[in-house]
Amino acid sequence: MPGFVLLVRPRGDGDDTPGVGFTVSKKVGNAVARNRMKRRLRALARAAIPDRGIGGADHVLIGRPGGNDIVFAELAEQLDSALARAAKKVAR
RNA sequence: CCAGAGGGCCGGGCGAUCGCCGCCGCGCGCAAGCGUGGGGGAGGAAAGUCCGGGCUCCACGGAAACCACGGUGCCGGAUAACGUCCGGCGGCCCUCGCAAGGGGGUCAGGGAAAGUGCCACAGAGAGCAGACCGCCCAAGGCCUCGGCCCGGCGAAAGGUGAAAGGGUGCGGUAAGAGCGCACCGCGCGGACGGUAACGGACGCGGCAUGGCAAACCCCACCGGGAGCAAGGUUGAAUAGGGACGGCAGGGGAGCAAUCCCAGGACUGGUUCCGGUCCCGCCGUCCGGGUUGACUGCUUGAGCGUUCGGGCAACCGCACGCCUAGAGGAAUGAUCGCCCAUCCUCCGCAAGGAGGUGGACAGAACCCGGCUUACAGGCCCUCUGGCAUU
RNA sequence: UGCCCCGUCGUCUAAUGGUAAGACUACGGAUUCUGAUUCCGUCUAUCGAGGUUCGAAUCCUCGCGGGGCAU
């Protein structure tokens with residue numbers, strides 16, 4: 001069970017820089033748990049998106065319950081594989 | 001050394017990089033802001049909201065008291081206060097000891113001879129105690145000499161129950177019974193000790209007063225209400241209110257007089273009808289008030305150290321320190337070393353190597369408690385076991 | 001932030017401090033050629049932990065969960 005869901009949508013406005021957004025609902029926990037998840041997701045995105053993100057597209061990371069129990073390296077792998085699959089779909 | 005019980009303390013440390021939220025400088029900029037430097041940034045429970053306060057507003061008022069409602073409940077002390085804490089007393093339980101006595105735990109621990117109420121089932125009887133059956137047995141009667149009948153002083157034994165109106169032993173008696181005696185328990189008085197709760201030498205009394213007040217209640221004491229979303233200052237756009245001044249006098253039809261349709265204020269009389277006046281725009285001023293901004297907002301029953309007082313809770317003197325104050329609201333991520341945890345391998349062992357990986361939880365005006373959650377570690381006291389001296 | 005209320009079978013409701021009751025559901029059986037209906041039977045619960053009491057679903061305390069109200 002991955003710790004998040006990744007949505008990717010090309011903007012198509014000619015700008016090549018990627019955009020990133022985060023969504024963590026109340027299902028995840030109280031405000032502290034939600035903020036912690038947002039901070040961890042932000043750290044993930046900062047490491048991966050500039051290299052492996054899709055240029056000119058908006059990325060939305062949706063936090064899921066239990067995501068705070070997954071170690072950071074595993075989340076990073078999940079983000080890499082999700083980005084790779086998204087890149088294939090965008091290319092088609 | 002191991003195990004158990006009780007209590008107290010800590011709640012990973014150091015460094016690096018990249019980030020987040022306030023604050024203070026400097027530079028640029030009209031400003032928004034941008035760049036740069038410095039410094040600060042969660043807890044023992046920040047939680048539950050179960051109690052107690054500070055603070056603020058409201059209400060009442062000479063000060064308070066009474067009623068209702070709610071709470072507290074051995075005594076003394078601590079404290080701003082408490083349902084909290086400390087010390088003592090008493091009851092109960094556990095344990096050591098032959099005993100005297102010691103140690104530990106625990107208690108919502110005022111009043112049941114002020115009144116009311118309840119005590120299911122079982123049982124003869126459950127509150128004015130013991131109807132009835134059965135039991136024990138003297139006198140009297142019958143008689144086959146073993147029993148039967150009559151009678152009921154008496155309440156031991158059996159049986160029921162959570163509880164049956166003192167217990168054990170001896171005497172006594174026909175059999176019994178505090179009927180008498182000894183010890184224990186209980187009640188009353190009480191020298192004396194203690195601030196008090198209470199303890200209690202000694203004396204008197206044959207025993208009276210079952211339990212439940214976390215049932216109503218009685219007694220004593222405490223509590224006015226609401227809460228920082230309290231409260232205060234300021235106050236945009238739009239709409240609306242009041243005063244003054246100026247221009248004008250609702251809408252429709254009609255050239256017009258006039259007619260029709262409305263609304264508001266005042267006013268006359270019975271639900272209805274009538275009378276008078278007004279309705280718009282502009283300007284100036286005043287007041288209310290929403291989104292918002294600022295404040296309250298962190299120096300406080302604060303923290304640390306030394307000394308002193310006290311058995312202790314705690315208190316006092318001196319010195320030092322400043323330690324988040326933001327809007328639904330920031331304190332994170334990664335890496336290295338160390339400290340604990342667990343796993344595997346090597347080794348008789350001490351130890352070594354590799355890997356793993358850190359509980360419960362997250363400030364929202366602030367304090368004092370209680371309760372609940374919690375990986376792991378440290379310390380103290382008591383008890384038991386094993387080993388050694 | 002503050003205040004109030006409620007937790008009983010799978011569901012909806014009962015129960016003066018004294019054996020936890022009923023309806024629906026589920027399951028099994030009977031009736032029927034089969035199914036429905038009907039009849040009979042069975043299973044299943046006091047939110048948790050302490051305390052008061054001889055005895056607690058009921059009384060008290062703490063905790064857990066749910067709902068509502070004010071602003």
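Within every chain, numbering begins at 1; the chains are lettered A, B, ... in the order of the sequence lines, protein sequences first and strands thereafter. This one's a predicted model, so the numbers in the text were calculated from it and none came from an experiment.
Nucleotides C244(B) and C228(B), compared at atom P, are 45 Å apart to the nearest Å. For G127(B) and U209(B), the C1' atoms lie 13 Å apart once the distance is rounded to whole Å. Comparing the same atom, C1', in A215(B) and in U52(C) gives a spacing of 12 Å after rounding to whole Å. C60(B) and G225(B): their C1' atoms are spaced 11 Å apart (whole Å). Atom C1' of G224(B) sits at a distance of 12 Å from the matching atom of G61(B), rounded to the whole Å. U372(B) and G63(C): their C1' atoms are spaced 7 Å apart (whole Å). Here the separation of A46(B) from A214(B), taken at their C1' atoms, is 34 Å to the nearest Å. The same atom, C1', is picked in C212(B) and in A175(B); the two are 41 Å apart, to the nearest Å.
Across all strands shown, U49(B) forms no Watson-Crick or G-U wobble pair with both distances under 3.5 Å. In this structure, C20(B) forms a base pair with G41(B), meeting either the Watson-Crick or the G-U wobble geometry with both donor-acceptor distances under 3.5 Å. Pairing partner, G11(B): none, since no Watson-Crick or wobble contact has both distances short of 3.5 Å. Remark: A14(C) base-pairs with no nucleotide in the shown strands. Criterion, Watson-Crick or G-U wobble with two distances under 3.5 Å. Using Watson-Crick or G-U wobble geometry with both donor-acceptor distances under 3.5 Å, U258(B) finds its partner in A253(B). Taking a pair to require two hydrogen-bonding distances under 3.5 Å in either a Watson-Crick or a G-U wobble arrangement, C382(B) pairs with G4(B). The pairing partner recorded for U58(C) is none, the criterion being a Watson-Crick or G-U wobble arrangement whose two distances lie under 3.5 angstrom. Across every strand in view, U168(B) sits in a pair with A182(B) that passes the Watson-Crick or G-U test at under 3.5 angstrom.
Taking the O4'-C1'-N9-C4 or O4'-C1'-N1-C2 dihedral as appropriate, G61(B) has a value more than 90° from 0 and is therefore anti. Classified by its glycosidic torsion, G327(B) falls in the syn category, the angle being within 90° of 0. Glycosidic conformation of G62(B) is anti; the angle lies outside 90° of 0. Syn is the classification of A42(B), since its glycosidic angle stays within 90° of 0. Glycosidic torsion of U323(B) falls within 90° of 0, placing the base in syn.
Between the side chain of H59(A) and the backbone N or O of I54(A) there is at least one donor-acceptor pair closer than 3.5 Å.
Atom pair L41(A):CG and A333(B):P shows a separation of 12 Å (rounding to whole Å applied).
Annotation: side-chain contact (heavy atoms from CB on, under 4.5 Å) contacts of A82(A) (sequence neighbours excluded): L6(A), R85(A).
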Report, one pair per line, the protein and nucleotides 334-336 of chain B atoms (nitrogen or oxygen only) whose separation is under 3.5 Å.
none

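A pairwise comparison of heavy atoms in F4(A) and L44(A) identifies CE2-CD1, 4.4 Å as the closest pair. Across all their heavy atoms, A45(A) and L61(A) have their closest contact at CB-CD1, 4.2 Å.
Going from atom CG of D58(A) over to atom CG of L7(A) covers 10.5 Å, rounded to the nearest 0.5 Å.
Put simply, L79(A) and V8(A) are part of the same group of oily side chains (I, L, V, M, F, W, Y) that touch within less than 4.5 Å, one to the next.
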